[in-house]
Amino acid sequence: MSTATKEQARFDARLPKEQKDFFEKAAALGGFRSLTDFIVFTVQEKAREIIKEKEQIIASERDGKIFFDAITNLKKPSKY
């Protein structure tokens with residue numbers, strides 16, 4: 001059996017100690033194993049929210065254009 005391995009990437013960030021302490025407290029209170037787990041979970045959820053919102057806006061704008069084009073470019077009914 002072959003095991004698929006996921007490609008890993010590293011993300012580093014510098015932040016003030018007070019902010020790191022604040023995030024660590026939230027991670028501990030939230031029951032996360034580590035600060036990294038907390039950050040990855042939180043950022044992933046926020047990313048999903050942003051992407052979903054923007055995709056809905058894009059779809060809504062596209063649908064609005066299709067509707068507008070349909071009502072402004074009326075075609076004569078076909079005989080069939």
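Values below: all heavy atoms of this structure, side chains included; hydrogens, waters and symmetry mates excluded.
The residues K65 and E61 are annotated as not salt-bridged, no charged nitrogen and carboxylate oxygen being separated by less than 4.0 angstrom. Using a 4.0 Å cut-off between charged side-chain N and carboxylate O, D21 and K25 make no salt bridge.
Each side-chain hydrogen bond (donor to acceptor under 3.5 Å, both in side chains) pair with one or both residues in residues 38-51, not counting sequence neighbours, appears once here: E45-R48, K46-E49.
When hydrophobic clusters are built by joining Ile, Leu, Val, Met, Phe, Trp and Tyr residues whose side-chain heavy atoms come closer than 4.5 Å, directly or via intermediates, F41 is grouped together with V43.
Remark: D63 engages no residue in a side chain to side chain donor-acceptor pair (under 3.5 Å) (not counting sequence neighbours). Shown here are the side-chain contact (heavy atoms from CB on, under 4.5 Å) partners of Q19, two or more places apart in sequence or in another chain: L15, P16, F23.
Expressed to the nearest 0.5 Å, how far OG of S34 lies from CD of E24 amounts to 10.0 Å. Taking NZ from K52 and CD1 from I57, the interatomic distance works out to 12.5 Å, rounded to the nearest 0.5 Å.
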